[in-house]
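Here the structure comes first, spelled out in structure tokens, and everything after it is commentary.
Order of the sequence lines sets the chain letters (A, B, ...), proteins ahead of strands, with each chain counted from 1. Heavy atoms only: backbone and side chains are in, while hydrogens, waters and symmetry mates are out.
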There are 12 protein chains.
Amino acid sequence: MGSHVYKKVELVGSSPDSIEAAIENAVEVAGKSLKNMDWFEVIGTRGHIRDGKVAHYQVELKVGFRIEN
Amino acid sequence: MGSHVYKKVELVGSSPDSIEAAIENAVEVAGKSLKNMDWFEVIGTRGHIRDGKVAHYQVELKVGFRIEN
Amino acid sequence: MGSHVYKKVELVGSSPDSIEAAIENAVEVAGKSLKNMDWFEVIGTRGHIRDGKVAHYQVELKVGFRIEN
Amino acid sequence: MGSHVYKKVELVGSSPDSIEAAIENAVEVAGKSLKNMDWFEVIGTRGHIRDGKVAHYQVELKVGFRIEN
Amino acid sequence: MGSHVYKKVELVGSSPDSIEAAIENAVEVAGKSLKNMDWFEVIGTRGHIRDGKVAHYQVELKVGFRIEN
Amino acid sequence: MGSHVYKKVELVGSSPDSIEAAIENAVEVAGKSLKNMDWFEVIGTRGHIRDGKVAHYQVELKVGFRIEN
Amino acid sequence: MGSHVYKKVELVGSSPDSIEAAIENAVEVAGKSLKNMDWFEVIGTRGHIRDGKVAHYQVELKVGFRIEN
Amino acid sequence: MGSHVYKKVELVGSSPDSIEAAIENAVEVAGKSLKNMDWFEVIGTRGHIRDGKVAHYQVELKVGFRIEN
Amino acid sequence: MGSHVYKKVELVGSSPDSIEAAIENAVEVAGKSLKNMDWFEVIGTRGHIRDGKVAHYQVELKVGFRIEN
Amino acid sequence: MGSHVYKKVELVGSSPDSIEAAIENAVEVAGKSLKNMDWFEVIGTRGHIRDGKVAHYQVELKVGFRIEN
Amino acid sequence: MGSHVYKKVELVGSSPDSIEAAIENAVEVAGKSLKNMDWFEVIGTRGHIRDGKVAHYQVELKVGFRIEN
Amino acid sequence: MGSHVYKKVELVGSSPDSIEAAIENAVEVAGKSLKNMDWFEVIGTRGHIRDGKVAHYQVELKVGFRIEN
């Protein structure tokens with residue numbers, strides 16, 4: 001990580017399909033406004049149940065990106 | 001969540017295939033005795049190893065459901 | 001607590017007015033099916049925002065009650 | 001744990017004698033209404049003091065049991 | 001929460017009157033720059049003491065809002 | 001906080017009325033023996049239930065005060 | 001706990017014999033300077049090993065006592 | 001678990017494909033030096049982002065195995 | 001903290017020299033875009049090892065700043 | 001602890017009799033391969049239930065030992 | 001730690017220079033009223049920022065000391 | 001971290017001088033038996049007090065290293 005400074009933002013991604021898809025969903029949307037994204041950390045996994053079945057996986061994650069000086 | 005009251009129960013689902021399947025397994029069995037299930041929260045992920053390979057994923061989760069007044 | 005055995009259940013109460021009202025709401029509903037309720041422990045406090053204002057306080061709590069042998 | 005689904009309940013057992021007796025006390029009472037109990041996890045240990053001495057050990061524990069499909 | 005992506009920001013609100021007022025204070029100020037605020041989660045409650053009395057309640061909270069794609 | 005040194009004590013205040021009253025109750029009693037109290041941090045919120053209703057709110061808090069050199 | 005205010009102190013008791021003896025040891029010594037002790041909470045359990053055997057159990061606990069107004 | 005003694009080691013597995021593949025990857029490599037592996041516990045989930053996409057899932061886990069006396 | 005509202009951002013600073021330098025590094029870079037920074041809280045301390053020596057200290061911290069209404 | 005360096009390993013001991021016996025069991029087995037064991041820290045306490053009774057106490061602990069340079 | 005009983009107090013030390021100086025500052029002031037201080041444990045590290053620079057490091061710590069019977 | 005597998009070991013380093021020196025001390029000793037060390041994570045900071053002064057800083061850390069397949 002050198003002598004750079006990084007910032008982390010906290011996101012919640014969701015997907016009806018899988019935990020991975022929820023993560024990728026959040027990263028993709030974050031990438032529209034953030035450059036230099038470097039890593040993510042999963043903070044929590046939840047989801048909605050509808051009609052007795054899992055309707056969506058929701059993953060809370062932090063995304064770290066390098067701040068350009 | 002309006003002015004309803006919800007209850008949470010703690011379950012452990014398992015599956016030889018994936019974390020998602022273990023969650024869905026637990027939700028499906030819970031649905032046999034619970035109505036109005038609304039959300040789940042993953043508390044922990046573990047599993048058994050047999051012959052040097054993952055035999056089962058086990059996911060601890062809480063399931064929240066609305067109590068009918 | 002003598003040599004009794006207690007059970008705890010996890011609830012989420014809500015109220016548009018206050019944290020205390022959300023707690024009391026959950027305790028009141030729980031009392032319809034539980035006897036001998038003895039104490040509660042707040043686990044988390046959340047809420048919904050609608051139109052830029054707090055719409056509901058939601059309090060996660062555990063309620064402990066004595067099991068009759 | 002195979003592909004079974006398990007449920008956990010949270011209990012508080014007490015005993016004037018020891019932490020182990022408080023655990024066993026809770027498990028014994030739980031067994032009057034639960035079948036297929038499989039494991040327990042200690043969540044916390046507390047107790048009452050009376051006249052400057054430990055009067056009761058109180059152990060908070062979760063008990064896991066297999067849900068019969 | 002559908003397939004939307006949400007972001008959370010961390011705030012500290014304060015009020016001389018109550019915990020609820022400190023939360024509402026933070027949500028109101030956040031609403032000046034954030035759209036689509038959906039929920040909050042209380043992270044911590046602190047406060048200042050002056051002349052032996054509570055001067056301000058300070059509530060740390062996270063506010064979640066939907067990111068518009 | 002300058003180069004002062006602070007000490008924290010842990011208290012439990014209670015009130016039949018509200019969480020805030022339980023905090024203020026604890027701070028007031030602490031002030032009889034402590035000078036220079038500066039801040040408090042809420043550690044936990046619990047309470048007693050009697051006859052199916054909340055009888056008392058109990059708030060665990062830490063109170064920080066400056067040690068006079 | 002009524003409308004009393006309680007204080008908690010943090011102690012470490014030890015015993016070569018058992019966890020319970022370490023707790024009782026701490027409570028007994030605390031009772032020499034504290035009145036109105038009401039409960040304890042175990043925070044951690046550690047110990048020393050000497051010559052490949054457990055030499056002492058050390059239990060960290062908080063002791064709560066009523067402050068007389 | 002009988003009266004056996006178990007040891008746990010902490011690993012980080014990675015995979016470009018899924019969380020499950022990262023776990024299986026770690027278990028497989030651990031099995032080259034460990035016998036009698038019995039269970040794993042997921043401690044954390046992170047990952048690298050490259051060019052705005054998830055490049056690798058990284059899963060921290062503990063692996064428990066029976067020590068042969 | 002009066003009746004102001006504060007926001008916290010999460011940063012990671014790094015330095016080959018010391019933990020303090022990593023913190024100061026992060027605060028300095030944050031100050032290029034944030035006004036009214038008031039306090040920081042260290043969340044975690046990590047670092048890289050290269051050729052068997054500590055190459056960089058990396059400190060995760062939150063920085064709180066007053067939001068101007 | 002002087003300027004020595006210590007290593008910690010994580011173990012799970014078990015015993016049908018008591019928590020202390022499970023700890024001593026783990027320490028004894030660890031001593032067959034580790035020298036200079038100095039302290040232990042209990043991380044968790046669990047157990048198996050068979051036929052409605054506690055079959056084994058299982059204690060997770062870390063054992064610290066001095067590394068000889 | 002033998003069969004002694006220890007007490008812990010919670011302090012916050014500060015220093016404009018370093019984390020270590022803040023710890024030493026707290027220990028030195030504590031030593032004016034406490035005898036037999038034996039160890040400290042860092043609980044948290046925070047600090048004030050003034051004019052875009054770290055003004056003070058503040059370290060929360062517990063100090064353990066032997067109670068003389 | 002590519003598709004490598006990493007292992008973490010838990011160490012305690014100490015130094016009379018600084019937290020950084022305690023970390024470096026642990027990393028240096030670990031390097032005598034471990035290859036490919038990649039990162040460390042600080043888990044806790046403690047120390048001994050002798051004659052009213054800090055005698056040693058003790059830092060608990062995890063060291064991660066790549067396992068060669």
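The nearest pair of heavy atoms linking N25(C) to V5(B) is O-CG2, 3.9 Å.
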For Y6(B) and V29(C): C-alpha separation, side-chain torsions, deciding distance, then whether side-chain contact (heavy atoms from CB on, under 4.5 Å) applies.
CA-CA 9 Å; Y6(B) 296 79; V29(C) 170; over 6 Å; no
Under the side-chain contact (heavy atoms from CB on, under 4.5 Å) rule, what do L11(C) and I67(B) come out as? Steps first, then yes or no, please.
CA-CA 9 Å; L11(C) 302 168; I67(B) 301 179; 4.0 Å; yes
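K62(B) contributes atom NZ, which lies 7.5 Å from atom CD of E60(C) (distance to the nearest 0.5 angstrom).
More than 12 heavy atoms of other residues, nucleotides or ligands shown are found within 6.0 angstrom of NZ on K8(C).
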